[in-house]
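These numbers come from the heavy atoms of this one structure, side chains and all, not from hydrogens, waters or symmetry mates.
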Amino acid sequence: MADPNSSSPVRALFELLRLPNLFTALADVAMGFLVTHEALEPVEQFALLAAASACLYLSGMVLNDYFDRDVDLEERPGRPIPSGRISPAFARRLGWALLIAGIVAGWLSGMLSASVRSGLTATLLAGMVVSY
């Protein structure tokens with residue numbers, strides 16, 4: 001009997017995003033914020049930094065699978081893109097959208113603190129995601 005979840009589009013998307021791993025990226029931001037602020041305040045700034053981190057992390061997962069789709073076809077044919085559960089075009093659009101959202105969230109966080117550090121960091125991280 002076939003696994004009823006194996007063809008679920010939601011499951012394929014979660015698998016593409018590697019969603020359970022996202023919590024490590026959020027924990028890192030929370031720790032860094034607490035070290036520099038002693039509390040998760042201002043909450044708007046923390047939320048934007050968490051969003052930036054999450055979006056950049058998720059974009060890296062998606063773009064990695066998108067750019068490696070030919071290798072994955074041979075080595076990991078069960079992954080969402082080579083198995084046909086997620087189209088390459090959708091993955092490409094999603095990956096770039098998440099990357100842009102991460103950059104924007106980083107710059108918005110910086111605007112709240114009147115500093116360019118978080119925006120520059122998000123932009124540099126985005127460059128590293130793409131170059132990887």
Side-chain angles (χ1 to χ4, degrees):
M1 181 171 192
D3 179 5
N5 294 322
S6 65
S7 62
S8 165
V10 173
R11 182 181 172 106
L13 181 61
F14 285 4
E15 197 176 323
L16 177 69
L17 293 169
R18 295 174 183 85
L19 207 53
N21 296 341
L22 177 60
F23 299 105
T24 61
L26 296 175
D28 292 343
V29 170
M31 178 57 79
F33 199 87
L34 287 171
V35 166
T36 60
H37 290 78
E38 298 180 12
L40 295 179
E41 295 176 4
V43 70
E44 298 86 3
Q45 187 180 8
F46 171 72
L48 284 167
L49 287 173
S53 180
C55 288
L56 291 169
Y57 177 85
L58 293 171
S59 73
M61 297 298 103
V62 174
L63 291 173
N64 178 66
D65 277 14
Y66 172 74
F67 289 122
D68 287 351
R69 66 190 182 279
D70 293 334
V71 171
D72 285 347
L73 188 60
E74 294 291 320
E75 296 179 6
R76 290 171 288 283
R79 293 285 308 144
I81 297 172
S83 69
R85 294 178 291 143
I86 297 282
S87 76
F90 174 80
R92 183 186 70 241
R93 287 190 306 270
L94 178 61
W96 289 112
L98 287 165
L99 192 82
I100 291 166
I103 294 169
V104 169
W107 282 102
L108 288 173
S109 174
M111 289 173 62
L112 290 177
S113 64
S115 171
V116 298
R117 286 183 298 186
S118 60
L120 286 175
T121 301
T123 303
L124 288 170
L125 283 171
M128 290 181 201
V129 165
V130 173
S131 67
Y132 175 77

Rounded distance [0.5 Å steps], CG in Leu34 versus CD in Glu41 = 10.5 Å
ask   = Taking all non-hydrogen atoms of both residues, which atom of Ile81 and which atom of Pro88 are closest, and how far apart?
value = CG2-CG, 4.0 Å
request  = Begin with the C-alpha distance, continue with both residues' side-chain angles, and end with the deciding distance and a verdict on side-chain contact (heavy atoms from CB on, under 4.5 Å) for Leu108 and Met111.
outcome  = CA-CA 5 Å; Leu108 288 173; Met111 289 173 62; 3.9 Å; yes
ask   = Got a second to check how far Leu120's CG is from Ser115's OG, nearest 0.5 Å?
value = 8.0 Å
key: Worked verdict on Leu94 versus Leu13 for side-chain contact (heavy atoms from CB on, under 4.5 Å)   = CA-CA 10 Å; Leu94 178 61; Leu13 181 61; 3.7 Å; yes
query = Looking only at heavy atoms, what is the nearest atom pair of Ala101 and Cys55, with distance?
reply = CB-SG, 3.9 Å
request  = Give the minimum heavy-atom separation between Ala12 and Pro80, together with the two atoms involved.
outcome  = O-CG, 3.5 Å
ask   = Where do Val130 and Leu99 land on the side-chain contact (heavy atoms from CB on, under 4.5 Å) test, with the steps shown first?
value = CA-CA 9 Å; Val130 173; Leu99 192 82; 3.7 Å; yes
ask   = In the single-linkage hydrophobic clustering (I, L, V, M, F, W, Y; side-chain heavy atoms under 4.5 Å), do Val10 and Ile86 co-cluster?
value = yes
task = Begin from the C-alpha positions of Leu17 and Leu22 and carry the test side-chain contact (heavy atoms from CB on, under 4.5 Å) through to its verdict.
result = CA-CA 9 Å; Leu17 293 169; Leu22 177 60; over 6 Å; no
query = Just how far is it from atom CG of Asp28 to atom CG of Leu49, taken to the nearest 0.5 Å?
reply = 12.5 Å
message = Any non-hydrogen side-chain atom of Asn21 less than 4.5 Å from a side-chain atom of Tyr57?
response = yes
key: Heavy-atom closest contact (Glu15 atom, Arg79 atom, distance)   = O-NH2, 3.2 Å
key: Nearest heavy-atom neighbours spanning Leu98 and Ser59   = CB-CB, 3.6 Å
ask   = Side-chain heavy atoms under 4.5 angstrom apart, residues restricted to Ile, Leu, Val, Met, Phe, Trp, Tyr: same cluster for Phe67 and Leu125?
value = yes
task = Give a yes or no on whether the backbone of Leu26 and the side-chain of Ser53 come within a donor-acceptor separation of less than 3.5 Å.
result = no
task = Please list all pairs passing the ring pair (Phe, Tyr, Trp, His ring centres under 6.0 Å) test where one or both residues lie in residues 84-111, with sequence neighbours left out.
result = none
inquiry  = Quick check on the hydrophobic clustering: are Leu124 and Ile103 connected, directly or via other members, by side-chain heavy-atom contacts under 4.5 Å?
reply    = no
inquiry  = Does any part of the side chain of Leu58, heavy atoms only, come nearer than 4.5 Å to the side chain of Leu19, both counted from C-beta?
reply    = yes
remark   = Distance col, row His37:NE2 vs Ser113:OG, nearest 0.5 angstrom, shows 7.0 Å
remark   = Tightest non-hydrogen contact, residues Ala91 and Leu16, listed as CB-CD2, 4.3 Å
